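Presented below is the structure to which this report refers.
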Amino acid sequence: MKKAWWKESVVYQIYPRSFCDSNGDGIGDLRGITGKLDYLKTLGVDVVWLSPVYKSPNDDNGYDISDYRDIMDDFGTLADWEELLAEMHSRGLKLVMDLVVNHTSDEHPWFIESRKSHDNPYRDYYIWRPPRDGREPNNWASHFSGSAWQYDMPAEAGAATGEYYLHLFSRKQPDLNWENPRVRAEVFDLMRWWLDKGVDGFRMDVINMISKTPGLPDATPVTPDRYQYGGEHFLNGPRLLEFLAEMKAEVLSKYDILTVGETPGVTTQHALGLTDEQDGALSMVFQFEHMHLDAAPEAGSSRRTIRKWRLTELKQIMSRWQRDLEGRGWNSIYLGNHDQPRPVSRFGDDGPYRVESAKMLATFVHMLQGTPYVYQGEEIGMTNVAFETIDDYRDIQTLNLYREMVDEKGLSPEELMPIVHAKSRDNARTPMQWDAGPNAGFTTGTPWIKVNPNYTEINVEQSLADPNSVFYY
């Protein structure tokens, strides 16, 4: 296989809102990250993947983007970002940005124009359909509960068409229409804008959802629910490889960068099509098979159930990915990220054997063939959190699930909360635990989400001082 710098790198993911707050407003920010770059060098990482910091109404913590060329006020300014990039490059660190182009915010100027009329020039930037028998155009469920379609009432300000738009995630995240060549040209242009500023690559959010089955047919029913998971019609769609080949020709082939696609539902054969050294468009992908080990396969969502799994199941999955991609594609190796529970709680023991478990899992990640990814806090063995009530959670997916299962379907909070404690995305989003002082050293203000109470025992300061800690694998 060809040599490439990203095959010899360790990537550290930062979730900016929860990493380090420099101004005391309770929200992590760009200057907070800049102030911790020497710490990242101490860790020995080579690349930082930064979760979205673009302008956003923040319905889904920045994954609903209203301006791809500016910075969210919570995080600072474009000048702060430019300073961060310069300081990183001066230390030999590379920066990978999150590319979120399956959808935008409904407050993006494109969508504001799109909803005005049927013949608006931006109408076809999104996926609009008339009602079918007075209801949604198909039976697809959103990843965030309920229908994947939102009716745009003619009475609403700026809306006059009375049609539905598709949103595979929040209703405030309308899907872009990649069938429209103007949309693809807009995406390629914004990619060049950031690459010309000096970024070293992209992590591509749900990139294998950009191609949908023509006609948007109904999903095959697998549960008695009104809305059904429609992945058969939007995962690895018929034009996915074509769209990515165009992206490669127009943008990616012109830069020496790392690209990693978030690709739920891919098999090793899909991955080879995406990452093949000769014909593939991407450096690597994130596969999700091992992320579903602890969920009932018929549940439709890995966050709704908990099941016991066997070590041999994990071994079989990871071995197959190692074997099938060897010599042809490239693996990304990870056990956690901003959307997943903490690895030491999920795959190890976060009690008496927390340190030993975390060391074992770190060794596992770093010894496989592929690029290892470390999510902030893994290096000190941060754990899941069990907030007592739903009121302490902030994640839209968690809150929508609670509303659906408790408020609408009558499940008791006592039945659902153990699932929330195990599976909520907020497990990964509690503030980084820097020291044993107030708020774990994350902020001098009130944190946007509560700190895990175990921070007095698990934090960076103590880990640096203790040669027996997780930090010293």
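Only heavy atoms go into these numbers, but all of them, side chains included; no hydrogens, no water, no symmetry mates. No experiment lies behind these values; they were computed from the predicted model shown.
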is_close_aromatic([X], [Y]), centroid dist under 6.0 Å:
X      : Y      : answer
Phe286 : Trp49  : yes
Tyr229 : Phe234 : yes
Phe169 : His103 : yes
His167 : Phe144 : no
Trp309 : Phe347 : yes
Tyr393 : Phe387 : yes
Trp194 : Tyr54  : yes

Would you say the side chains of [X] and [Y] form a donor-acceptor pair under 3.5 Å?
X      : Y      : value
Thr77  : Asp80  : yes
Ser170 : Asp60  : no
Ser319 : Gln322 : no
Ser66  : Ser105 : no
Ser145 : Asn400 : no
Ser283 : Trp330 : no
Gln228 : Thr223 : yes
Asp218 : Asn138 : no
Glu379 : Tyr472 : no
Asp350 : Ser345 : yes

Positive for side chain to side chain donor-acceptor pair (under 3.5 Å) with Ser114, one of Tyr126, Tyr165, Trp128
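Only one of Tyr126, Tyr165, Trp128 forms a side chain to side chain donor-acceptor pair (under 3.5 Å) with Ser114, namely Trp128.
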Give a yes or no on whether a salt bridge exists between [X] and [Y], defined as a side-chain N under 4.0 angstrom from a carboxylate O.
X      : Y      : result
Arg342 : Glu378 : no
Asp225 : Lys409 : yes
Arg429 : Asp395 : yes
Asp294 : Lys308 : no
Arg171 : Asp59  : no
Glu313 : Arg307 : yes
Arg403 : Glu408 : no
Lys172 : Asp106 : yes
Glu136 : Arg226 : yes
Arg17  : Asp74  : yes

Practice item. Determine, step by step, whether Asn58 and Asn61 satisfy the side chain to side chain contact (heavy atoms under 4.5 Å, CB included) criterion, reporting the C-alpha distance in whole Å, the side-chain angles of both residues, the deciding distance to 0.1 Å, and the verdict. Key: CA-CA 5 Å; Asn58 208 38; Asn61 277 11; 3.9 Å; yes
### Task
Please assess Asn208 against Val266 for the test side chain to side chain contact (heavy atoms under 4.5 Å, CB included), listing each intermediate value before the final yes or no.
CA-CA 8 Å; Asn208 66 326; Val266 291; 3.8 Å; yes
Review point. Trp434 ring centre to Lys36 NZ or CZ under 6.0 Å, with the angle to the axis within 45°?
Key: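 Lys36 over Trp434 ring: yes.
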Just so I know, are the side chains of Phe111 and Glu107 near enough to count as touching, which here means a heavy-atom distance under 4.5 Å?
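The answer is no, as the side chains (C-beta and beyond) never meet within the 4.5 Å cut-off.
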Return yes if some donor-acceptor pair links the side-chain N/O of Lys359 with the main-chain N/O of Arg354 below 3.5 Å, else return no.
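Side chain of Lys359 to backbone of Arg354, a donor-acceptor pair under 3.5 Å: no, none is there.
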With side chain to side chain contact (heavy atoms under 4.5 Å, CB included) as the test, would you mind laying out the steps for Leu401 and Val406 before giving the verdict? CA-CA 8 Å; Leu401 177 64; Val406 175; over 6 Å; no
